[in-house]
Amino acid sequence: QVQLVESGGGLVQAGDSLKLSCAASGRTGSNYAMGWFRQAPGKEREFVATISWSGTSTYYADSVKGRFTISRDNAKSTTYLQMNRLKPEDTAVYYCAGAGVSFITIRSHDYKYWGQGTQVTVSS
């Protein structure tokens with residue numbers, strides 16, 4: 001079992017930056033890809049970014065491409081999401097997730113472990 005805890009959310013203004021962290025504990029020895037998803041009020045959860053176990057492959061949703069960067073430090077069992085040039089439409093609860101596979105995937109059902117989420121609010 002793997003436990004995931006997100007941190008770093010908050011209230012910022014449009015154009016600002018935030019860096020989210022996701023700390024994993026438990027059976028972190030498995031080789032799994034990580035992802036970030038988000039859910040805005042009244043909307044379904046959507047994919048944001050994913051990174052392979054090795055960190056060599058990443059993939060982003062079109063809505064965040066060029067603004068967000070996913071990275072990971074396996075020695076620290078931590079995954080990050082650097083968010084730049086934030087927009088009001090980025091407001092959501094952000095969840096990190098651990099996949100049951102080592103390669104990148106955008107499919108939520110490939111993810112076995114989920115954090116509790118961290119709120120990101122971007123004011124205009």
Side-chain angles (χ1 to χ4, degrees):
Q1 194 72 3
V2 175
Q3 293 79 43
L4 303 174
V5 178
E6 303 96 337
S7 62
L11 171 63
V12 296
Q13 293 186 330
D16 286 349
S17 298
L18 273 178
K19 187 173 185 177
L20 305 183
S21 298
C22 173
S25 62
R27 295 184 61 184
T28 58
S30 299
N31 298 352
Y32 49 89
M34 292 294 296
W36 286 94
F37 291 77
R38 66 186 182 186
Q39 187 167 20
K43 295 187 177 181
E44 293 188 355
R45 184 173 60 194
E46 65 174 358
F47 164 78
V48 175
T50 179
I51 186 167
S52 62
W53 162 250
S54 65
T56 56
S57 296
T58 58
Y59 188 81
Y60 300 90
D62 287 343
S63 58
V64 307
K65 198 173 297 181
R67 299 187 298 123
F68 291 11
T69 302
I70 188 172
S71 61
R72 66 190 298 167
D73 184 339
N74 288 341
K76 296 182 178 179
S77 298
T78 302
T79 303
Y80 306 95
L81 185 67
Q82 177 68 48
M83 305 185 294
N84 298 329
R85 303 196 307 278
L86 282 161
K87 304 175 180 180
E89 51 263 44
D90 294 319
T91 295
V93 177
Y94 283 71
Y95 300 90
C96 72
V101 296
S102 63
F103 48 85
I104 57 173
T105 175
I106 68 171
R107 304 185 304 180
S108 60
H109 67 257
D110 283 336
Y111 290 84
K112 297 173 58 176
Y113 309 109
W114 292 84
Q116 294 299 306
T118 185
Q119 176 71 47
V120 172
T121 303
V122 184
S123 63
S124 58

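Computed from a predicted structure; not experimentally measured.
Every pair passing salt bridge (Lys or Arg N to Asp or Glu O under 4.0 Å) that includes a residue from residues 41-53 is listed here, sequence neighbours excluded: Arg38-Glu46. The disulfide bond (SG atoms under 2.5 Å apart) analysis of residues 90-124, with sequence neighbours excluded, yields the pairs Cys22-Cys96. Residue pairs meeting the salt bridge (Lys or Arg N to Asp or Glu O under 4.0 Å) criterion with at least one member in residues 52-62, sequence neighbours excluded: Asp62-Lys65. Sequence neighbours left out, not one pair with a member in residues 52-82 passes disulfide bond (SG atoms under 2.5 Å apart). Here side-chain hydrogen bond (donor to acceptor under 3.5 Å, both in side chains) pairs that include residues 115-124, with residues two or more places apart or in two chains, are Gln119-Thr121.
Residues Val64 and Leu86 share a single hydrophobic cluster, defined by chaining ILVMFWY side chains whose heavy atoms lie under 4.5 Å apart.
In this structure, the separation between OG on Ser21 and CD on Gln82 is 9.5 Å, given to the nearest 0.5 Å. Considering OG1 of Thr79 and CG of Leu4, their distance stands at 8.0 Å, rounded to 0.5 Å. Atoms CD1 and OG, from Ile51 and Ser71 in turn, are 6.0 Å apart once rounded to the nearest 0.5 Å. Note that CG of Leu81 is 11.0 Å distant from CD of Glu6, once rounded to the nearest 0.5 Å. Once rounded to the nearest 0.5 Å, the distance linking CG of Leu20 with CZ of Phe68 reads 8.0 Å. Put simply, CH2 on Trp53 and CE on Met34 are 10.0 Å apart, with the number rounded to the nearest 0.5 Å.
Partners of Thr56 under the side chain to side chain donor-acceptor pair (under 3.5 Å) rule, at least two apart in sequence or in another chain, are Ser54. By the side chain to side chain donor-acceptor pair (under 3.5 Å) test, Arg67 pairs with Asp90, sequence neighbours left out. Evaluation of the side chain to side chain donor-acceptor pair (under 3.5 Å) rule for Thr105 yields Asp110 as partners, not counting sequence neighbours. Thr78 pairs by the side chain to side chain donor-acceptor pair (under 3.5 Å) definition with nothing, not counting sequence neighbours.
Cluster partners of Trp114, using a side-chain heavy-atom cutoff of under 4.5 Å among ILVMFWY residues and allowing indirect links, are Phe37, Phe47, Tyr59, Val93, Tyr95, Ile104, Ile106, Tyr111. Applying the under-4.5 Å side-chain rule to Ile, Leu, Val, Met, Phe, Trp and Tyr, the cluster around Val5 consists of that residue alone.
Proximity of Tyr60 to Thr69: side-chain heavy atoms (C-beta onward) are separated by under 4.5 Å at one or more points. Looking at heavy atoms from C-beta onward, Ile70 lies in side-chain contact with Trp36 at the 4.5 angstrom threshold.
Judged purely by atom type and a 3.5 angstrom limit, Ser52 uses its side chain to pair as donor or acceptor with the backbone of Ser57.
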Under the side chain to side chain contact (heavy atoms under 4.5 Å, CB included) criterion, do Tyr113 and Gln3 qualify, and how do the steps go? CA-CA 7 Å; Tyr113 309 109; Gln3 293 79 43; over 6 Å; no
Between Val101 and Tyr32, is a side chain to side chain contact (heavy atoms under 4.5 Å, CB included) present by the stated rule, with each step listed? CA-CA 5 Å; Val101 296; Tyr32 49 89; over 6 Å; no
For residues 9-19, which side-chain donor-acceptor pairs fall under 3.5 Å, sequence neighbours excluded?
{"residue": "Asp16", "atom": "OD2", "partner": "Gln13", "partner atom": "N", "Å": "3.1"}
{"residue": "Ser17", "atom": "OG", "partner": "Asn84", "partner atom": "OD1", "Å": "2.9"}

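The two atoms that bring Val122 and Lys87 nearest to each other are CB-O, 3.3 Å, heavy atoms only.
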